[in-house]
Amino acid sequence: MEKSNVCVNCQNMLAKVSAKLKLNETELDILTTPRRTFTFSFPIIMDNGKTKIFTGYRIQFNNARGPAKGGIRFHQDVDLEDVKVLAFLMSLKCAVADIPFGGAKGGVAVDTKSLSSGELERVSREYIREAYRFIGPNTDIPAPDVNTDSKIMAWMLDEYEKIIGRHAPAVITGKPIQLGGSLVRDISTSLGGIFVLKEVTKELKMKTENAKAVVQGFGNAGMNAARILHENKWKVIAVSDSKTAIYNENGLNIQKVIEHKKNNKSLKGFKDAKEITNMELLELECDVLVPAAMQDQITKNNANNIKAKIILELANSPITPEADLMLEKKGIKVVPDILANSGGVIVSYFEWVQNSMNYYWTREEVLKKLEEHMISATKEIQRICREENCSMRDSSYILAVNKILEAERLRGVLR
Ligand code: GLU
């Protein structure tokens with residue numbers, strides 16, 4: 001047999017739905033083999049005068065439904081296999097969200113906390129000096145992800161435009177407003193997740209006032225989710241960052257937590273709360289648990305200890321496939337990442353549309369469109385759940401797989 005570039009982890013993720021849909025080998029291979037995989041290394045002169053080599057990745061997983069789309073992650077653990085899975089999930093996510101994009105993801109293996117601002121800028125610009133050859137407004141459109149933000153998107157856009165010699169704001173999303181960013185993009189991942197959560201709690205006939213919420217991660221997604229939940233009168237009893245977790249069974253004052261994090265760069269030392277570990281946080285009794293940090297947080301080792309009623313996956317892939325089955329058996333409602341966190345890429349799409357027509361929407365317009373998109377995707381998934389008697393994860397995979405295969409068929413790739 002010839003060796004193939006298929007993503008085995010992606011196949012494992014699709015195994016259950018693939019059997020249910022009776023996908024043949026070719027269909028499964030099309031869905032789980034990345035179309036283009038780029039790995040590159042680039043030297044950066046560090047502030048101490050020494051040269052350090054960094055490794056970067058970009059994977060365009062599938063582009064049957066439109067240009068590849070997905071963020072760039074800066075994290076010390078980033079490797080090719082991770083980026084493949086994340087790019088695969090982006091293909092499914094764009095299909096579920098019903099936006100005309102395929103899926104991509106990029107990354108650099110770097111610990112951003114060890115870099116000065118100048119070093120971070122050089123890494124960001126150098127990434128684009130490599131990637132400019134294969135990204136573009138109609139080919140592949142990057143965006144922020146873990147440890148990358150609007151400031152980094154601005155440097156990347158600037159570098160791209162310098163190389164090609166003209167403006168091209170639609171090449172990257174998640175930009176600052178002054179450079180063509182969209183209103184609401186900064187909070188869209190969390191806000192989109194909360195729109196979905198509202199639909200899910202409605203379906204479960206669950207009262208949300210003073211219901212207990214736990215949030216893992218205090219980056220863009222986690223911090224905004226905690227804030228919006230608090231504003232919506234949920235009782236946020238615990239939050240965490242990469243260093244610690246804080247817990248108060250009577251509810252945390254999230255505004256004060258945010259101020260503390262801003263002033264101290266850490267949640268450590270926050271008064272009015274008990275410090276616990278990130279693992280203890282996941283196992284707290286609560287109504288909704290929001291993993292909003294990294295992948296593989298709930299595994300077969302701790303799945304049986306999870307006591308949440310609902311898990312809203314704001315992070316990508318925080319639950320392993322084995323753990324997912326265990327949670328389903330326990331009757332825990334899991335709202336899968338490709339629906340729960342799709343608000344980010346949905347407003348990225350709105351940003352790209354606004355850049356392409358060079359006409360910009362008001363905050364209210366973007367909010368309304370985001371809410372409509374989230375609610376219609378959620379309802380569609382709930383409908384499939386009822387018809388197929390399956391979990392929301394299976395239902396969202398069924399929806400995405402059918403849409404991608406249909407696009408491949410229409411292109412003549414599949415007969
Ligand atoms: N990185 C985000 C995600 O995983 C956003 C991607 C985008 O806006 O293209 O969904």
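Along the sequence shown, residues are numbered consecutively beginning with 1. Predicted model only: the values in this text are computed from it and were never measured.
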*Asks:* Would Phe74 and Ser124 count as a side chain to side chain contact (heavy atoms under 4.5 Å, CB included) here? Give the steps.
*Replies:* CA-CA 9 Å; Phe74 284 1; Ser124 308; 3.7 Å; yes
*Asks:* Between Glu283 and Asn302, do the side chains contain an N or O donor and an N or O acceptor separated by less than 3.5 Å?
*Replies:*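 The criterion, which ignores hydrogens and geometry beyond distance, is not satisfied for Asn302 and Glu283.
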*Asks:* Name all pairs fulfilling the salt bridge (charged side-chain N to carboxylate O under 4.0 Å, His left out) condition that reach into residues 370-382, sequence neighbours left out, sorted by first residue then second.
*Replies:* Glu199-Lys379, Lys368-Glu372, Glu380-Arg383
*Asks:* Using a strict cut-off of less than 4.0 Å between a Lys/Arg side-chain nitrogen and an Asp/Glu carboxylate oxygen, indicate whether Arg125 and Glu159 qualify as a salt bridge.
*Replies:*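 Result for this pair is yes, salt bridge flagged.
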*Asks:* For Lys268, is there an ion pair with Asp241 - N to carboxylate O distance below 4.0 angstrom?
*Replies:* no
*Asks:* Looking only at side chains, do Ser348 and Glu351 share a donor and an acceptor under 3.5 Å apart?
*Replies:* no
*Asks:* Between Gln216 and Ser240, do the side chains contain an N or O donor and an N or O acceptor separated by less than 3.5 Å?
*Replies:*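 On atom types as modelled, these side chains do not qualify, holding no pair under 3.5 Å.
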*Asks:* For a quick check under 3.5 Å, do Thr189 and Asn341 share a side-chain donor-acceptor pair by atom type?
*Replies:* no
*Asks:* If you define the side chain from C-beta out and look only at heavy atoms, does anything of Asn224 sit under 4.5 Å from Leu191?
*Replies:* no
*Asks:* May I ask you to check whether His373 and Phe195 place their ring centers less than 6.0 Å from one another?
*Replies:* no
*Asks:* Will you find, in the side chains of Tyr57 and Asp82, an N or O donor that is under 3.5 Å from an N or O acceptor?
*Replies:* no
*Asks:* Strictly by modelled atom types, are Lys333 and Ser391 linked by a side-chain donor-acceptor pair under 3.5 Å?
*Replies:*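 Per modelled atom types, Lys333 and Ser391 side chains form no pair under 3.5 Å.
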*Asks:* Indicate yes or no: does Lys16 engage Asp394 in a salt bridge with an N to O separation below 4.0 Å.
*Replies:* yes
*Asks:* Pairing donors with acceptors under 3.5 angstrom, does anything connect the side chains of Lys235 and Asn250?
*Replies:* no
*Asks:* Salt-bridged, Glu313 to Arg393, with N to O below 4.0 Å?
*Replies:* yes
*Asks:* If you round to the nearest 0.5 Å, how far is CD1 of Ile30 from CZ of Arg409?
*Replies:*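 Answer for the CZ-CD1 pair, Arg409 versus Ile30, is 10.0 Å.
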*Asks:* Is the shortest side-chain N to carboxylate O distance from Lys175 to Asp149 below 4.0 Å?
*Replies:* no
*Asks:* Nearest 0.5 Å, what's the CG-NE2 distance between Asp272 and His260?
*Replies:* 11.0 Å
*Asks:* Would you call Arg411 and Glu408 a salt bridge, taking side-chain N to carboxylate O under 4.0 Å as the test?
*Replies:*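 Salt bridge absent between Arg411 and Glu408.
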*Asks:* Are Leu31 and Val401 packed together at the side-chain level, in the sense that at least one heavy-atom pair is separated by less than 4.5 angstrom?
*Replies:* yes
*Asks:* Can you tell me how far the CG atom of Asn402 sits from the CG atom of Leu23, to the nearest 0.5 Å?
*Replies:*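 Between atom CG of Asn402 and atom CG of Leu23 there are 8.0 Å.
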*Asks:* Could you give the distance from OH (Tyr132) to CE (Met156), rounded to the nearest 0.5 Å?
*Replies:*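 Output value for this atom pair is 16.0 Å.
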*Asks:* Would you say Val366 and Ser182 make side-chain contact, with heavy atoms under 4.5 Å?
*Replies:* yes
*Asks:* Can you find a heavy atom in the side chain of Ile311 that is under 4.5 Å from one in the side chain of Ile298?
*Replies:*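 The answer is yes; the side chains approach within 4.5 Å.
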*Asks:* I'd like to know if Lys198 and Glu203 make a salt bridge, using a cut-off of under 4.0 Å between side-chain N and carboxylate O.
*Replies:*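 Salt bridge between Lys198 and Glu203, a charged N being under 4.0 Å from a carboxylate O: no.
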*Asks:* Tell me, please, whether Trp361 has Lys369 positioned over its six-membered ring: NZ or CZ under 6.0 Å from the ring centre and within 45 degrees of its axis?
*Replies:* yes
*Asks:* Check the side chains of Arg185 and Ser188 for a donor-acceptor pair under 3.5 angstrom, ignoring hydrogens and angles.
*Replies:*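 Checked: Ser188/Arg185 side chains pair up, N/O donor to acceptor below 3.5 Å.
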*Asks:* Just wondering, do Leu339 and Lys93 contact through their side chains at under 4.5 Å, heavy atoms?
*Replies:* no
*Asks:* Of Thr148, Asp145, Val110, which meets side chain to side chain contact (heavy atoms under 4.5 Å, CB included) against Arg73?
*Replies:* Asp145
*Asks:* Within the 4.5 Å heavy-atom criterion, are Thr173 and Lys69 side-chain neighbours or not?
*Replies:*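 Side-chain contact under 4.5 Å: yes.
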*Asks:* Are Asp287 and Lys212 ion-paired here, with the side-chain N under 4.0 Å from a carboxylate O?
*Replies:*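 Judged by the 4.0 Å cut-off on N to carboxylate O distance, Asp287 and Lys212 do not form a salt bridge.
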*Asks:* Does Glu406 come within less than 4.0 Å of Lys403, counting only side-chain N to carboxylate O?
*Replies:* no
